[in-house]
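Heads up, the thing below is written out as structure tokens.
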Amino acid sequence: MQCSAALWITGAFCTSLTGGVEALAGLPPLNLLLRRLSERADYRFATLTPTHPVRAFLSSFNFGTIVPHPTLSIQTMSEPEIFRTSGTLFESDTNVLSLTETLLPMNPLSRPGV
């Protein structure tokens, strides 16, 4: 699909090499694009306020100050349920511990006029 989009953007022939046409069109490789989107989701997740409703579905080390959901929280799921279920929430729940940069959602330096 990305090759078709690159061919449409550049107007190249369909027999052109995919990598070259994507480079000319300025499209990053899909694996790098997906990795970047995943990392951004992790950082957005890390900056949620402690009382954000999404935190009710997370494991115990990411709850914040909110009460966990009684049936849908990752902490209340069994191991087979966790292995069958996947998605951004599960990945971000584990990846947030490996983030090295400290992000403040209400950083004092981000105020207008500073």
Side-chain angles (χ1 to χ4, degrees):
M1 184 170 186
Q2 187 170 1
C3 178
S4 299
L7 290 173
W8 180 74
I9 291 169
T10 60
F13 293 110
C14 62
T15 56
S16 302
L17 295 176
T18 303
V21 176
E22 289 177 0
L24 288 173
L27 299 174
L30 280 178
N31 62 340
L32 297 178
L33 180 66
L34 292 175
R35 183 182 307 151
R36 184 180 72 191
L37 290 174
S38 175
E39 288 174 1
R40 285 184 180 178
D42 294 341
Y43 280 110
R44 277 194 305 273
F45 174 76
T47 58
L48 291 176
T49 60
T51 58
H52 197 278
V54 171
R55 291 197 180 265
F57 301 106
L58 305 177
S59 58
S60 59
F61 51 87
N62 288 322
F63 274 153
T65 58
I66 200 162
V67 178
H69 194 276
T71 57
L72 299 176
S73 175
I74 294 174
Q75 185 179 5
T76 59
M77 288 183 174
S78 65
E79 288 293 326
E81 288 176 326
I82 290 174
F83 286 123
R84 282 184 306 208
T85 310
S86 64
T88 307
L89 190 65
F90 283 92
E91 291 175 14
S92 294
D93 189 49
T94 56
N95 292 345
V96 75
L97 297 175
S98 64
L99 296 177
T100 57
E101 186 176 349
T102 304
L103 297 173
L104 300 173
M106 304 295 180
N107 194 335
L109 295 176
S110 298
R111 291 188 321 239
V114 176

Would you mind listing every side-chain hydrogen bond (donor to acceptor under 3.5 Å, both in side chains) that reaches into residues 13-42, with sequence neighbours excluded?
-> D42-S92, D42-N95
Grouping ILVMFWY residues whenever side-chain heavy atoms fall under 4.5 Å, the cluster of L7 otherwise contains V21
Quick one: hydrophobic cluster around L37, which other residues, with the 4.5 Å side-chain cut-off, linked directly or via members?
-> L30, L33
Remaining members of L17's ILVMFWY cluster at a side-chain heavy-atom cut-off under 4.5 Å?
-> none
Going by chain and number, the hydrophobic cluster around W8 (ILVMFWY, side chain to side chain under 4.5 Å) further includes I9, L27
